[in-house]
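Numbers here are sequence positions counted from 1. Only this structure's heavy atoms are used, side chains among them; waters, hydrogens and symmetry mates stay out.
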Amino acid sequence: MDHILKKYCPRIEFDSYEDFYDNFQINVPADFNFAYDVVDEWARVDQGKSALVWCDDHGGEHTFTFGDISRMSNKLANSYKELGIKKGDVVLCILRRRWEYWVNAMALCKIGAIIIPATLQLTKKDIAYRCQSADVKAVVCVDDDYVCEQVAAAMPECPTVENRILVAGEREGWLSFDELLEAGSEEWQRPTGAEATTSKDIMLIYFTSGTTGMAKAVEHNFAHPLGHIITAKYWQQVQENKLHMSVTDSGWAKFGWGKIYGQWICGATIFCYDMDKFHATDLLQHMQDYKLTTFCAPPTMYRFMLQEDVASYDLSSIENFATAGEPLNAEVTLAWERLTGKKIREGFGQTEGPVLLATFPWIEPRPGSMGKPSPLLHIRLLDDNGWPVEDGEEGAICVTGLKEAYPPGLFVGYYKDEERTREAVGGEYYNLHDMAWRDSDGYYFFVGRNDDVIKCSGYRIGPFEVESALIEHPAVVECAVTAAPDPIRGKVVKATIVLARGWSPSDTLVKELQNHVKKTTAPYKYPRIVEFVDELPKTVGGKIKRKQIRMADGMEE
């Protein structure tokens, strides 16, 4: 029943990575719209085909078929149309992991409206900034005291917002999502003419959770979901009618990577655990109880799960473990394999695209490596002058060949910012400003953000290598390596460390960790300053904010 995948990919089976890289193709129809051409199409073929299994920490559980999602999104689209939401309008959605997100997203997709996914951690300032930047017409959010207070506080600064729609609750001044869903007609015709969408129209805007400055509004068009075929089918290795779980909030780009687009194109069933707060044991229990087939989570969650008795949980149903979001330390994947018998396949990318490098099925995972380049994106490591670097040398990760063939899934610009768009994707290549090196077998290894690389005493020190060395020590759960000021050397390496359960800060432990790094990597890379903290500063997307640490240390203004 993989006819949808075959409709867009002339060939889906390959003999080797080289075969996959050279011959994989995606056909993008001029009028592709995910809601109609994937969700409604699955519903047409099989109304009862499982699409989503959802549960939460309060005993809630719902199972939805593609027929359910198709019918409910029709009803909601009709109600939204009555509110005046039309093609090209922008809607801000703060829905955590609620099942309503999938219905809401498909309704807006059918209308041709533009979705801005957002997280619960946004402040009044963040919400106002997004609404002003994108002329947001409506806000849809979950009934949460903090979120609703921040939205209400921002509204006087958001003159374009006409409606606030509340999910799973009732509040004065808000429309009820449930009532809108109930009131709408199930009959909905795909728009034609000027109201119809094309694959080049804007479907989605992610405001990046970048570690510095105000967030950038990343535009993806209606062809974007097709790019995630690579993400889901060939990296996460989802299977039709089998449960796939990616641990992520709907406000993050990783939700698009792992919880909707590529997975539904492949006919997989999405499993969503709407946890109030991450507890490693609760997640492990759900992984076991629901007998997942494929699973993806950020490295931090693997690290915290490894602090528990992983071997006591039956994870044997899971055939493929994957990770992305931050580089995966080699020690974590080795420990996971010892306990589960399976390796973790790393993937790498950004909010701006699908998976760009990954450990694909034909590739043996190599601890510490991101894997090899995805097809269609023509990844190269380039120097400051735009020339390819030799194996073993550091270079900036770049998506090349944009003038010849623009890859589906890659962002198409920054919303209402022509100059920044032209600088980023208006030339021959898109520079991610992430540094990596490649070994002689074609495996890529992450070094760090260009701004994060430490230049000290004539050396260039990649923070990830030092962090990986520290993670190997049983005392360290996670850490961030940055530059810190030094009166003699100018700057030195600093490690900010979260300790594992049962360990306490001490001068003896500092010395032990420093010696460990000296033995594991080049001695000059060891952290001369070690600070222990309860938690690391992170973006709403879960990435470590190394710049914030540098600023606190007076390295940046």
* Asked: Counting only N and O atoms by type, is there a donor-acceptor contact under 3.5 Å from the side chain of Thr269 to the main-chain atoms of Ala51?
  -> no
When rounded to the nearest 0.5 Å, the distance separating CD1 of Ile94 from CG of Leu122 is 5.5 Å
Which of Trp54, Trp102, Phe271 passes ring pair (Phe, Tyr, Trp, His ring centres under 6.0 Å) with His62? It is Trp54
### Message
Taking the six-membered ring for Trp, are Phe34 and Phe222 closer than 6.0 Å centroid to centroid?
### Response
no
For residues 164-173, the salt bridge (charged side-chain N to carboxylate O under 4.0 Å, His left out) pairs (sequence neighbours left out) are Asp143-Arg171, Asp145-Arg171
Let me have the donor-acceptor pairs involving side chains of residues 397-414, under 3.5 Å, with sequence neighbours excluded, atom names and distances please.
residue, atom, partner, partner atom, Å
Thr400, OG1, His378, O, 2.6
Lys403, NZ, Gly426, O, 3.1
Tyr406, OH, Phe411, O, 2.5
Tyr414, OH, Glu352, OE2, 3.4

Residues 273-290 vs salt bridge (charged side-chain N to carboxylate O under 4.0 Å, His left out), sequence neighbours excluded, gives Arg96-Asp274
- Query: For Lys200, does the NZ atom have more than 12 heavy-atom neighbours from other residues, nucleotides or ligands under 6.0 Å away?
  - Reply: no
* When the ring planes of His224 and Tyr261 are compared, do they come out parallel, tilted or perpendicular, using 30° and 60° as the limits? -> perpendicular
Nearest heavy-atom approach of Met72 to Leu181 is O-CD1, 3.3 Å
Applying side-chain hydrogen bond (donor to acceptor under 3.5 Å, both in side chains) to Thr359 and not counting sequence neighbours gives none
Glu219 meets the salt bridge (Lys or Arg N to Asp or Glu O under 4.0 Å) criterion, sequence neighbours left out, with none
Could you go step by step and tell me if Tyr21 and Phe14 meet the side chain to side chain contact (heavy atoms under 4.5 Å, CB included) rule? CA-CA 9 Å; Tyr21 186 84; Phe14 300 91; over 6 Å; no
Here the gap from Asp31 atom CG to Asp37 atom CG, rounded to the nearest 0.5 Å, amounts to 6.0 Å
The reported gap from CG in Asp201 to CE in Met203 (rounded to nearest 0.5 angstrom) is 11.5 Å
Between the OG atom in Ser250 and the CD atom in Glu100, the distance rounded to the nearest 0.5 Å is 10.5 Å
Q.
Before you tell me yes or no, could you show the steps for Val247 and Arg97 under side chain to side chain contact (heavy atoms under 4.5 Å, CB included), namely the whole-Å CA-CA distance, both residues' side-chain angles and the distance that decides it to 0.1 Å?
A. CA-CA 10 Å; Val247 186; Arg97 298 175 176 90; 4.3 Å; yes
When every non-hydrogen atom of Phe24 is compared with those of Pro375, the smallest separation belongs to CD2-CG, 3.7 Å
Sidechain-backbone polar pair: Lys216 side chain, Tyr206 backbone, donor-acceptor under 3.5 Å
no
- Query: Are Trp264 and Phe66 close enough that their ring centers fall under 6.0 Å?
  - Reply: yes
Separation between CD1 (Ile116) and SG (Cys131), nearest 0.5 Å, reads 7.0 Å
So side-chain hydrogen bond (donor to acceptor under 3.5 Å, both in side chains) across residues 150-159, not counting sequence neighbours, yields Lys124-Glu157
Quiz prompt | Between Lys110 and Asn33, a side-chain donor and acceptor under 3.5 Å | solution = no
query = Looking at His3 versus Trp42, is the centre-to-centre ring distance below 6.0 Å?
reply = yes
Distance col, row Thr351:OG1 vs His220:NE2, nearest 0.5 angstrom, shows 7.0 Å
Pair Glu187 + Arg71, salt bridge at N-O below 4.0 Å:
no
Closest heavy-atom pair, His244 versus Gly258, reported as atoms and distance to 0.1 Å, is CD2-O, 3.2 Å
